[in-house]
2 protein chains.
Amino acid sequence: MHAYTASRISLPSRSALPNRPEAFEPALLQPLGFYPAGAEIYAQGEKAGAFYQVEFGAVRVYRLLADGRRQISAFHLAGETFGFEADTTHHFFAEAINSTGVRVFRLTAGADMSHQLLPLALKGLTRAQEHLLVLGRQSAIERVAAFLVDIAERQGGLRQVELPMSRMDIGDYLGLTIETVSRVFTRLKDKGVIRLLNLRSVEIVKHDALHNMSE
Amino acid sequence: MHAYTASRISLPSRSALPNRPEAFEPALLQPLGFYPAGAEIYAQGEKAGAFYQVEFGAVRVYRLLADGRRQISAFHLAGETFGFEADTTHHFFAEAINSTGVRVFRLTAGADMSHQLLPLALKGLTRAQEHLLVLGRQSAIERVAAFLVDIAERQGGLRQVELPMSRMDIGDYLGLTIETVSRVFTRLKDKGVIRLLNLRSVEIVKHDALHNMSE
DNA sequence: CGCATAATTGAGAGATTTCAACACTAGTGG
DNA sequence: CCACTAGTGTTGAAATCTCTCAATTATGCG
């Protein structure tokens, strides 16, 4: 349904990220999975039993309705963790957005990882609940502003934001169509709030304006 | 901002609930808080350090925008657990919807509750992510259908559903206005899918139709 | 019984979607 | 190196859905 081409966008180095990624023991012994653009990491209904940490690239986690409508519940950038499930079954799909390296942490029957997993699960829960406010109560321009602010913060708060995902991905994350996403980008550009350097990178010119818009 | 009056709706007994509530040790020694309709259980920004289990009644957890728009991220019915936070600070508000009894489990520095909390956090995460699909990609009628199906299941899958919350709460949960919620109820009634026994109780006549609508 | 609150209904306005055309981009192969 | 092509993004116009504003009805508690 979706076909994506690898991009040459370089994400900020891990040390530039606001939240240093956790080091799980024995992290270096865990297998590193490589996924090309669009590759499935796991599917809804599949047996779960691991969690994942993005080394480089980006991941989308989503769910589908019967008629193909898609809701991306989260993007995961370098250093971030995803894939834990309440059940022994995956409730969502996860795909590499572009060339992505993922460290896989298998959950073994013996080892207890509750300590490490609980803060990650709680962080994810807070994120999801905050996103509910965006989807439930914010206008298109507020949603895009919130998205840009969020991504910018996760990339270290730099002026320039690199978007690893397509407009369609952004739309499916924000509950909007690609046309609306595109129109809002144009509106923000015309207002002088952002500059579109190219399709996948945005410069935030009026950081305050963007921030105010999103709350 | 909101004033609610207590209702006389009797929720199903705990034994009728599909998921038996966890028994946390030493549960019976934990204080039982009583909250009248509309009372605050905790506020955003407040110090966290406990989690809560509904004994009777119902709770809404929500977040506000600066201009007063509200998004309810979850309702919690008898037997359900809520209130764990990633941080030491509450990111949301929690209020009793009507007269509600809540068991409070303080998190003490010594005791480690990761084992008990992780599955609850993961369950909450899955719920929130599923709700994202509803808010992001479903129409008003689909949202209300999904809501009724969800509440019905959590009340034991009975034909008759008791709604402890107002139309405004439902609207703020589904990202709709009260007028739209009301119109959708009327539409579902006219289609013969549900019957409105009174304002707070709904009989599901065509369960399959409702279920199909919500997916 | 009566008042305040909550819910329903109607009509018009507004935001986003849909459908359609066009432009741009990146990768391919001549 | 350029033309070609498929995919991606932008823009426009009309349609649709939900919201807003307003009036009416119903409910529940004192």
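Residue numbering restarts at 1 for every chain, and letters A, B, ... go by the order of the sequence lines.
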**Prompt:** In whole angstroms, how far is the P atom of C:dT18 from the CE atom of A:Met168?
**Reply:** 11 Å
**Message:** Students often get this wrong, so: under 4.0 angstrom with heavy atoms, is B:Gly175 touching a base, only sugar-phosphate, or nothing?
**Reply:** sugar-phosphate
**Asked** Are A:Lys189 and A:Glu203 close enough for a salt bridge, meaning some N to O gap below 4.0 Å?
**Response** no
**Prompt:** Starting at the 5' end of DNA chain D and moving along, which residue's nearest nucleotide shows up first, A:Ser182 or B:Ala140?
**Reply:** A:Ser182
**Item:** Six-ring centre of A:Tyr62, A:Arg70 cation under 6.0 angstrom, axis tolerance 45°
**Value:** yes
**Asked** Tell me: CZ of A:Arg183 to P of C:dC22, nearest whole Å?
**Response** 16 Å
**Interatomic distance, B:Leu176 CG vs C:dT8 P [rounded to whole Å]** = 14 Å
**Prompt:** Could you state the CD-P distance from B:Glu179 to C:dA11, rounded to the nearest angstrom?
**Reply:** 15 Å
**Length of the line joining B:Asp172:CG and C:dA6:P, which is rounded to integer Å** = 13 Å
**Prompt:** Rounding to a whole Å, what distance do you find between B:Phe185:CZ and D:dT25:C1'?
**Reply:** 18 Å
**Request:** Take the protein atom CD1 of B:Ile178 and the nucleotide atom C1' of D:dT24, then report the distance between them rounded to whole Å.
**Result:** 14 Å
**Request:** Verify, without hydrogens or angle tests, whether B:Gln71 (side chain) and B:Tyr173 (backbone) share a donor-acceptor contact under 3.5 angstrom.
**Result:** yes
**Asked** Whole-Å distance between C:dA6 P and B:Arg167 CZ?
**Response** 13 Å
**Prompt:** Are OP1 or OP2 of D:dT18 and a side-chain N or O of B:Thr180 less than 4.0 angstrom apart?
**Reply:** no
**Prompt:** If you measure from the Lys or Arg side-chain nitrogens to the Asp or Glu carboxylate oxygens, is any gap between B:Arg167 and B:Glu179 under 4.0 Å?
**Reply:** no
**Prompt:** Has A:Thr177 got a side-chain N or O lying under 4.0 Å from the OP1 or OP2 atom of C:dT17?
**Reply:** yes
